[in-house]
Amino acid sequence: MGQPVRVLIADDRKATRNGLQALLSLYPQVEVVGTARNGQEALCSVAECKPHLVLMDMQMPVMDGVETTRRIKHQWPDVRVVALTIHPKYRTEVLAAGADAFLYKGDSPQALQDAILTQVQGVSDPAS
C-alpha cells in the first residue's frame, strides 16, 4: 500500500486514545488522523478526517459504539470499522451493525496491526 492507512480512534477514555495513538505511531503504514471521545464526535470526525478505518470502542457516552458503527456503515459504507472492547457481549451486536472486525483491548499489538492492514487491503481513497 503506497499511502498510509488513515485511522480514527473512538474511545471515551483519554488514556486509551493516547495509548492507541502512541502504538499506531510506531507503524509507518498507519496514520492516526483523529480521535473522538464519544459516538457523536466519531460521526463528525469521520466526515471531517475521512479515515479508511475507525477503531471503535463499544461503551461511550452520547452514542455507543454499536449505534455509531451502524450510522458510519450506513453513511460511509467503505469506511472499515474495527470494534475494540473488553466486553465479549458486544461481538454479535456490533458485527450485525456492520463492524468489519472485532478485537479485544487485551489482544496483542500485532493483532491490532494485522486487523488494520487486513481490513484496508485494496482501499485506495479515504471516505468521501
Side-chain angles (χ1 to χ4, degrees):
M1 174 176 284
Q3 54 180 281
V5 177
R6 297 170 55 85
V7 175
L8 172 71
I9 300 167
D11 196 294
D12 61 322
R13 295 179 186 262
K14 184 176 183 177
T16 302
R17 290 191 311 272
N18 290 346
L20 286 168
Q21 195 163 9
L23 175 64
L24 295 178
S25 73
L26 300 174
Y27 305 127
Q29 67 272 47
V30 176
E31 175 187 7
V32 176
V33 295
T35 62
R37 297 174 296 180
N38 61 59
Q40 189 61 48
E41 280 186 14
L43 291 175
C44 293
S45 294
V46 170
E48 184 178 308
C49 299
K50 301 182 180 357
H52 294 115
L53 182 140
V54 179
L55 289 177
M56 182 72 67
D57 183 32
M58 294 296 95
Q59 290 186 305
M60 296 186 291
V62 183
M63 183 185 310
D64 71 14
V66 174
E67 182 59 25
T68 306
T69 296
R70 186 175 290 113
R71 291 183 187 197
I72 287 172
K73 296 306 279 189
H74 176 76
Q75 190 161 353
W76 302 281
D78 293 335
V79 173
R80 302 293 190 204
V81 176
V82 175
L84 192 60
T85 187
I86 61 172
H87 302 288
K89 67 182 182 180
Y90 291 106
R91 183 182 181 92
T92 301
E93 190 177 2
V94 75
L95 291 172
D100 298 286
F102 183 92
L103 289 175
Y104 294 105
K105 288 184 177 178
D107 286 345
S108 71
Q110 186 63 51
L112 178 61
Q113 182 187 23
D114 291 347
I116 291 170
L117 297 179
T118 297
Q119 288 305 315
V120 296
Q121 286 180 350
V123 173
S124 57
D125 296 321
S128 54

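The first residue in the sequence is number 1, and the count goes up from there.
In terms of the salt bridge (charged side-chain N to carboxylate O under 4.0 Å, His left out) criterion, Glu93 has no residue partners (sequence neighbours excluded). A search for salt bridge (charged side-chain N to carboxylate O under 4.0 Å, His left out) contacts involving Asp64 returns nothing, not counting sequence neighbours. Applying the side chain to side chain donor-acceptor pair (under 3.5 Å) test to Glu31 and every residue at least two apart in sequence or in another chain returns nothing. For Ser108, the side-chain contact (heavy atoms from CB on, under 4.5 Å) partners at least two apart in sequence or on another chain are Gln110, Ala111. Applying the side chain to side chain donor-acceptor pair (under 3.5 Å) criterion to Asp107, with sequence neighbours excluded, gives no partner residue. Among residues two or more places apart in sequence or in another chain, the side-chain contact (heavy atoms from CB on, under 4.5 Å) test is passed with Ala97 by Val66, Thr69, Arg70. Not a single ring-ring contact (aromatic ring centres under 6.0 Å, His included) links Tyr27 to another residue, sequence neighbours left out. With sequence neighbours left out, Arg17 forms a side chain to side chain donor-acceptor pair (under 3.5 Å) with no residue at all.
Leu117 contributes atom CG, which lies 9.5 Å from atom CG of Leu112 (distance to the nearest 0.5 angstrom). In this structure, the separation between CG on Leu55 and CD1 on Ile116 is 5.0 Å, given to the nearest 0.5 Å.
Sequence neighbours left out, the pairs with a member in residues 7-16 that pass salt bridge (Lys or Arg N to Asp or Glu O under 4.0 Å) are Asp11-Lys105. Pairs passing the ring-ring contact (aromatic ring centres under 6.0 Å, His included) check and including a residue from residues 92-115, sequence neighbours excluded, read Phe102-Tyr104.
Between the side chain of Lys73 and the backbone N or O of Val79, at least one donor-acceptor pair lies under 3.5 Å. Between the side chain of Arg80 and the backbone N or O of Asp100, no donor-acceptor pair lies under 3.5 Å.
In this structure, Ile9 and Leu24 have side chains that are in contact, with non-hydrogen atoms separated by less than 4.5 Å.
Side-chain heavy atoms closer than 4.5 Å link hydrophobic residues (I, L, V, M, F, W, Y) into clusters, and following such links, even through other members, never connects Val33 to Leu26. Linking Ile, Leu, Val, Met, Phe, Trp and Tyr whenever their side-chain heavy atoms come within less than 4.5 Å leaves Ile72 and Val62 in two separate clusters.
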- Step by step, would you call Val54 with Val46 a side-chain contact (heavy atoms from CB on, under 4.5 Å)? CA-CA 8 Å; Val54 179; Val46 170; 3.8 Å; yes
Which atom pairs, donor and acceptor, lie under 3.5 Å between side-chain atoms of residues 82-90 and protein residues at least two apart or in another chain?
from	atom 1	to	atom 2	distance (Å)
Thr85	OG1	His87	N	3.2
His87	NE2	Gln59	OE1	2.8
Tyr90	OH	Gln59	NE2	3.3

Result block: side-chain N/O donor-acceptor pairs under 3.5 angstrom for residues 34-43, not counting sequence neighbours:
from	atom 1	to	atom 2	distance (Å)
Arg37	NE	Glu41	OE1	3.4
Arg37	NE	Glu41	OE2	2.9
Arg37	NH2	Glu41	OE2	2.5
Asn38	OD1	Gln40	N	3.0
Asn38	OD1	Glu41	N	2.8
Glu41	OE1	Arg37	N	2.8

